[in-house]
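Notes for the one structure printed next.
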Amino acid sequence: MAPRANWKGFLRLSLVTCPVALYPATSESEKISFNQLNRQTGHRIKYLKVDADTGDEVPNEDIVKGYELEKGQFIEVTKEELEELALESTRTIEIDEFVDKTDIDPRYLIRPYYLRPDGKVGHDAFAVIRETIGEMNKVAIGRVVLTSREHIIALEPMDKGLVGTLLRYPYEVRSEQEYFDEIQDVKVTKDMLDLAKHIVNQKAGTFDPKKFEDHYESALVELINEKRAGKVIRPKERPKGENVVDLMEALRQSVGREKSTEPTNAPKKSAKKPRKAASGQKEMLMPISGKKRAKETAAKKQPARSQRRSA
């Protein structure tokens, strides 16, 4: 079942309009999360909204938004006043212009959403807008109100729907000059560049998200399982960075190392095997209930365990 829509309204290209729904394209709910606990009791910490001066708890119905003009002086803004702003983008994504995707600076990208027709009507109009964007090989730029703020959204076709990426406003992007001005101007020799290019060619590949593993998430699972098993947790040695004394020699050694790791007519390795569970940790097959990674690990380990039984 698809998650609940974050926004519902209309998509409009000039006089062509259709009802649409906007859904989050990403999720972090599968990641391991922690609760804050009272070390003395082991109980969870509960947060209360209190008056900064009196210390009294304030009920939600008495909490309003305020803009601080100067220290301790606020302009109160009610929910009704915010709703009365009545921006058209609150209910309609109006396509304002079409641009080349390469024109969009990656610093302006925030997060992706899926856009699809809402209900049984409007599929024809949606298809016309989707196909037009695709045929023109452009990205459609519009505006949408999410979480009480208006955002720029860039729309492009994906399968039978559209993917919309929220964009930042210019005032939200810091100037690179603040950070890059002090970088020294260095002349890179042709020999160094050739060696570096050779390393790049040896490491060349195609982008496949399935190849990537969240090593920190894996380490968290391992840590939690070891604590469940009552093992003593010992700090692991941290990797140490090394100062490069001779850059040219470092490049040469890098080229040699990459060559030594290249496969020589060997058959392609199958998918990466999951990390072997520690001995005596049978319950680790499903270490953390409800987490996607734990379920996948269990699914991979189960056949091996059944084979041992049959043996």
* By ring pair (Phe, Tyr, Trp, His ring centres under 6.0 Å) - contacts of Phe34 (at least two apart) ->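 So Phe34 forms no ring pair (Phe, Tyr, Trp, His ring centres under 6.0 Å) with any residue.
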* Asked: Can you name the residues that form a ring pair (Phe, Tyr, Trp, His ring centres under 6.0 Å) with Phe207, not counting sequence neighbours?
  ->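 Expected list: Phe212.
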Nearest 0.5 Å please: distance from the [atom1] atom of [X] over to the [atom2] atom of [Y].
{"X": "Lys231", "Y": "Arg234", "atom1": "NZ", "atom2": "CZ", "value": "10.5 Å"}
{"X": "Tyr23", "Y": "Arg116", "atom1": "OH", "atom2": "CZ", "value": "3.5 Å"}
{"X": "Arg111", "Y": "Leu146", "atom1": "CZ", "atom2": "CG", "value": "8.5 Å"}
{"X": "His215", "Y": "Leu220", "atom1": "NE2", "atom2": "CG", "value": "13.5 Å"}
{"X": "Glu28", "Y": "Thr26", "atom1": "CD", "atom2": "OG1", "value": "7.0 Å"}
{"X": "Asn137", "Y": "Ile133", "atom1": "CG", "atom2": "CD1", "value": "11.5 Å"}

* Check the surroundings of atom NZ in Lys197: do more than 12 heavy atoms from other residues, nucleotides or ligands lie under 6.0 Å from it? =>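 Atom NZ in Lys197 is not packed in, count stays at 12 or less.
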Please collect all salt bridge (charged side-chain N to carboxylate O under 4.0 Å, His left out) contacts where either partner lies in [range], sequence neighbours excluded, each pair once.
{"range": "residues 123-136", "value": "none"}
{"range": "residues 156-165", "value": "Lys101-Glu156"}
{"range": "residues 38-47", "value": "none"}
{"range": "residues 172-183", "value": "Arg107-Glu176"}

Could you check whether any side-chain heavy atom of [X] comes within less than 4.5 Å of a side-chain heavy atom of [Y], counting everything from C-beta outward?
{"X": "Leu37", "Y": "Ile45", "value": "no"}
{"X": "Ile32", "Y": "Glu217", "value": "yes"}
{"X": "Phe126", "Y": "Pro19", "value": "no"}
{"X": "Val144", "Y": "Thr92", "value": "no"}
{"X": "Phe98", "Y": "Val139", "value": "no"}
{"X": "Phe10", "Y": "Arg91", "value": "yes"}
{"X": "Glu226", "Y": "Ile233", "value": "yes"}
{"X": "Leu155", "Y": "Ile93", "value": "yes"}

In residues 54-73, what donor-acceptor pairs under 3.5 Å come from side-chain atoms, sequence neighbours left out?
from: Thr54; atom 1: OG1; to: Asp56; atom 2: N; distance (Å): 3.2
from: Thr54; atom 1: OG1; to: Asp56; atom 2: OD2; distance (Å): 3.4
from: Glu68; atom 1: OE2; to: Gly72; atom 2: N; distance (Å): 3.1

* Counterpart residues, side chain to side chain contact (heavy atoms under 4.5 Å, CB included), relative to Ile152 (two or more places apart) ->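 Partners of Ile152 under the side chain to side chain contact (heavy atoms under 4.5 Å, CB included) test: Ile141, Leu167, Tyr169.
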* List in chain and number order the residues that pass side chain to side chain contact (heavy atoms under 4.5 Å, CB included) with His198, two or more places apart in sequence or in another chain; answer none if no residue qualifies. =>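 So His198 forms a side chain to side chain contact (heavy atoms under 4.5 Å, CB included) with Gln202, Val255, Lys259.
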Under 3.5 Å, side-chain donor or acceptor atoms of residues 186-194 against the rest of the protein: list the pairs with distances, not counting sequence neighbours.
from: Thr189; atom 1: OG1; to: Met192; atom 2: N; distance (Å): 3.3
from: Lys190; atom 1: NZ; to: Asp194; atom 2: OD2; distance (Å): 2.8

When you measure from the side chain of [X] to the backbone N and O of [Y], does any donor-acceptor pair fall under 3.5 Å?
{"X": "Trp7", "Y": "Val20", "answer": "no"}
{"X": "Ser218", "Y": "Asp214", "answer": "yes"}
{"X": "Glu94", "Y": "Leu11", "answer": "no"}
{"X": "Asp103", "Y": "Val99", "answer": "no"}
{"X": "Arg143", "Y": "Ile153", "answer": "no"}
{"X": "Ser14", "Y": "Val16", "answer": "no"}

* To do: Using the test salt bridge (Lys or Arg N to Asp or Glu O under 4.0 Å), find all partners of Lys8 that sit at least two apart in sequence or belong to another chain.
  =>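 Testing Lys8 for salt bridge (Lys or Arg N to Asp or Glu O under 4.0 Å), a comparison that skips the adjacent residues, returns Asp118.
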* Asked: Would Leu166 and Tyr113 count as a side chain to side chain contact (heavy atoms under 4.5 Å, CB included) if you check the C-alpha gap in whole Å, the side-chain angles of each, and the deciding distance to 0.1 Å?
  -> CA-CA 8 Å; Leu166 296 190; Tyr113 288 86; 3.6 Å; yes
* Asked: For Phe74, what are the other residues in its hydrophobic cluster, where any two members join if their side-chain heavy atoms are less than 4.5 angstrom apart?
  ->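 Reading the cluster by chain and number, Phe74 sits alone, since nothing else belongs.
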* Asked: In terms of hydrophobic clustering (I, L, V, M, F, W, Y; side-chain heavy atoms under 4.5 Å; direct or indirect links), are Ile224 and Tyr216 co-clustered?
  ->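 Ile224 clusters together with Tyr216.
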* Among the clusters formed by ILVMFWY side chains lying less than 4.5 Å apart, do Leu15 and Val121 turn up in the same one? ->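 No; tracing contacts between hydrophobic side chains, which count when under 4.5 Å, never links both residues.
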* Non-hydrogen atoms of Gly122 and Cys18 that approach each other most closely ->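 Between these two residues, the closest heavy atoms are O-CB, 3.4 Å.
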